[in-house]
Amino acid sequence: MTHYLEFEKPLAEIEGKAEELRAMARANEDMDVEKEALALDAKAEAMLVDMYKTLTPWRKCQVARHPDRPHCAEYIEALFTEYTPLAGDRNFADDHAIMGGLARFNDQPVMVIGHEKGNDTKSRIERNFGMARPEGYRKAVRLMELADKFGIPVIALVDTPGAYPGKGAEERGQSEAIARSTQKCLQLSVPLIAVIIGEGGSGGAVAFAAANKVAMLEHSIYSVITPEGCASILWKDAGKMREAAEAMRLTAQELKELAVIDHIIAEPLGGAQRDREATIASVGKAIADLLAPLSNQTPENLVKSRRKKFLDIGSKGLAA
Amino acid sequence: MNWISNYVRPKINSLFSRQDTPDNLWTKCKECGTMLFHRELADNQNVCTNCDHHMHITPRARFAALFDGGIFTEVAVPAVVEDPLKFRDQKKYPDRMKAAQKATGEKDAMLVAEGEMGRTPIVAAAQDFSFMGGSMGMYVGNAFIAGVERAIELKRPFVMFSAAGGARMQEGILSLMQMPRTTVAIEMLKEANLPYIVVLTHPTTGGVTASYAMLGDVQIAEPNALICFAGPRVIEQTIREKLPEGFQRAEYLLDHGMLDRVTHRTKLKDELVTILRMLGGLPPAVVADLPAPSKTPELVAPTDDADQSPVVTDSEKA
């Protein structure tokens, strides 16, 4: 069953009607409804085009968080072979919000790391909704070090509402763990590519996304805080998330203009959730395209250019 | 707290608050309620003389106490694009900036300076909590980087006094980008083999804690400073339970292995000098209130003349 977002309700009605007609036709062979159903399909498609052509920032947030959007595990399953998960931070625990390990990408060995949100209640709880604790970042640091040691490129798939705000996480040094992970990204002498596939939430995202190249799916978001959080701080009302999402410039298109990200990956019409396979394939193509030119760079140059990229960020604002 | 203090204090407080005192002369300690005379408070670096509560201190006041003779030179910070996101919440961002600049007399929330501390040359940066909660935006990032670059140029250690409510919301993603940007600067400092010391002051939270404030070679905090990634309110809302006493305070972090030391503000200078001179391979410091440094900061190099010998103190000279 398709999961419709709130703003997609009109669309749900039309698509529902078309489905009903077809169901009736299946039950009663004398009826010919195909013509009407096709008309409804066309109407739905036109509405979808219209709706997704001008998604407001807040609607983009909803699409970015869509429960049927492909998650990290699916990308790994589809795009990589010989995926060998590696677990644990060697200090405290294994964080299931972060998955990662060795794998082959187009036969080339890589280290893949990403946030996994889970797909049903059980897995969401197990994955802590993609919100990592210090162990997760420390695991990532360990995996990045391993990759660095053996000259293996790192691919990071970012999809998190943010780092987990919990008691234990704070006690075990959430901030230090994030800071070290960002630092490790900036030290790597191998290529590091980050793709924001859903939500790029705050420090929890930047800890993997201090990369040589940062790509974003068309309807994903990347921000310093959730729109709800921003609204409750600046508007003193979490209900003002629409205004906050608008003001924060968290869409891929605005971030490209600000030179915070390098590349936008187009999504199928109606968002990644409507054609997961096509989305995963375009992400795979983007990773291959971004990785190729980095592969023949010297380790020194990889570090240098990554640092310069970040030092230069912010030298231009949005056009008035 | 016992029954006497519980009982007596409200009486004293109510007595004082009834008095007509101009706010600029007396400050009331929020912790113990003592009325503190402004000069006495300033002399004690904004630490309550009664209960040792550490109040906010402006970067200028801190530097005046930190550098020998209160003399320091500001390090210039490269200009930033103003209001890069054209951000508007209930007020326009440029209006908020102007109000903060008028209230504090500062350009933004970080001040960078070079000078000598106990005859030890350093570059220091301090965040200004009174300027939009010390929040980290492009300017703060640029100030940090400018400070590090100056430290590398002069081959001096870099001391960072952090104080921030976190990232500056009004600069959105660009404030988030200060996390990797400042981290790049720390890498440069590390490659130049120069010490990086962080002094965490109340409060240090969010993206600031999760980047440059937690990456020091030595991590010192002021007593009772709140240091965290997520604030206590957010955590209580998430886990729906009461947090333990002193949670996320400096002493708590020290207990959990996240800090090297917790040091009283008035003892910070001596401690920083001691640590930095050891890390820099310099002889022990002269312990005294030294006069302003001479024009030649090279005096502190270990190969210097008798004037700098560690046994000479001010009292002996006198």
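Below, chain A is the first sequence line, B the second, and so on; all start at residue 1. Values in this document were obtained by computation on a predicted structure and should not be read as measured data.
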Could you check whether any side-chain heavy atom of A:V206 comes within less than 4.5 Å of a side-chain heavy atom of B:P180, counting everything from C-beta outward?
yes
Would you mind telling me which of A:G229, A:P165, A:S181, A:C230 has the largest number of heavy-atom pairs within less than 4.5 Å of chain B?
A:P165
Atom group of B:L215 that falls short of 4.5 Å from chain A, counting heavy atoms:
both
Taking every non-hydrogen pair under 4.5 Å, which of A:G162, A:A210, A:G166, A:A209 racks up the most with chain B?
A:G166
B:Y212 portion near chain A, given a 4.5 angstrom heavy-atom threshold:
neither
List the atom of A:Y222, the atom of B:M177, and the distance in Å for their closest heavy-atom pair.
OH-CE, 3.3 Å
Between A:I313 and chain B, which part of the residue has a heavy atom less than 4.5 Å away: side chain, backbone, both or neither?
both
Chain A heavy atoms under 4.5 Å from B:I235: which part of the residue, side chain, backbone, both or neither?
both
On a heavy-atom basis, the closest approach of B:A230 and A:E170 is N-OE2, 2.8 Å
Interchain contact, B:Q248 with chain A, by part (heavy-atom threshold 4.5 Å):
side chain
In short, B:M179 meets A:G203 closest at the heavy-atom pair CE-CA, 3.9 Å
At a heavy-atom separation under 4.5 Å, does A:E243 approach chain B through its side chain, its backbone, both, or neither?
neither
Which is it for A:K240 and B:D89 under the side-chain contact (heavy atoms from CB on, under 4.5 Å) test, yes or no, and what are the steps along the way?
CA-CA 10 Å; A:K240 298 274 189 216; B:D89 50 271; over 6 Å; no
Relative to chain B, which segment of A:I225 carries a heavy atom at a distance below 4.5 Å: side chain, backbone, both, or neither?
side chain
For A:R172, which atoms come within 4.5 Å of any heavy atom of chain B: side chain, backbone, both, or neither?
backbone
Heavy-atom pair of closest approach, residues B:L174 and A:G314:
CD2-CA, 4.0 Å
Looking only at heavy atoms and a cut-off of under 4.5 Å, which of A:D312, A:L311, A:T182 has the most pairs with chain B?
A:L311
How about B:Q219 and A:E176: do any of their side-chain heavy atoms sit closer than 4.5 Å?
no
CA sep, side-chain torsions, deciding dist, call: A:E246, B:R88, side-chain contact (heavy atoms from CB on, under 4.5 Å):
CA-CA 9 Å; A:E246 204 83 37; B:R88 190 195 173 116; over 6 Å; no
For chain B, the option from A:Q174, A:K167, A:E254 that forms the most heavy-atom pairs under 4.5 Å:
A:K167
Is there a side-chain contact between B:V184 and A:R306, using heavy atoms and a 4.5 Å cut-off?
no
B:S211 portion near chain A, given a 4.5 angstrom heavy-atom threshold
backbone
Taking C-beta and beyond as the side chain, do A:Q183 and B:K190 meet within less than 4.5 Å on heavy atoms?
yes
Within 6.0 Å of NZ in B:K107, more than 12 heavy atoms from elsewhere:
no
Would you say A:K60 has more than 12 foreign heavy atoms packed within less than 6.0 Å of its NZ?
yes
Hey, does B:Y252 have a side-chain heavy atom less than 4.5 Å from the side chain of A:E171?
yes
Please report the interatomic distance CE(B:M169) to OG(A:S223), rounded to the nearest 0.5 Å.
9.5 Å
Name the region of A:S202, side chain, backbone, both or neither, that has any atom closer than 4.5 Å to a heavy atom of chain B.
both
Going by heavy atoms in the side chains, are B:R168 and A:V224 under 4.5 Å from each other?
no
Non-hydrogen atoms of chain A under 4.5 Å away: do they reach the side chain of B:L85, the backbone, both or neither?
both
Output the option from B:P78, B:G207, B:C228 having the highest count of non-hydrogen pairs under 4.5 Å with chain A.
B:C228
Is it the case that more than 12 heavy atoms not belonging to B:E82 sit under 6.0 Å from its CD atom?
no
Report yes if the side chains of B:T182 and A:F310 come closer than 4.5 Å at any heavy-atom pair, otherwise no.
no
To the closest 0.5 Å, what do you measure between CG (B:L200) and OG (A:S175)?
9.0 Å
Report yes if some heavy atom in the side chain of A:M248 is under 4.5 Å from a heavy atom in the side chain of B:I173; otherwise report no.
no
Most chain A-contacting option - heavy-atom pairs closer than 4.5 Å, from B:T209, B:I186, B:V234
B:T209
Determine, for A:R307 against B:E191, whether the closest basic-nitrogen to carboxylate-oxygen distance falls under 4.0 angstrom.
yes
Most contacts with chain B, counted as non-hydrogen pairs under 4.5 angstrom, among A:L255, A:I233, A:L234:
A:L234
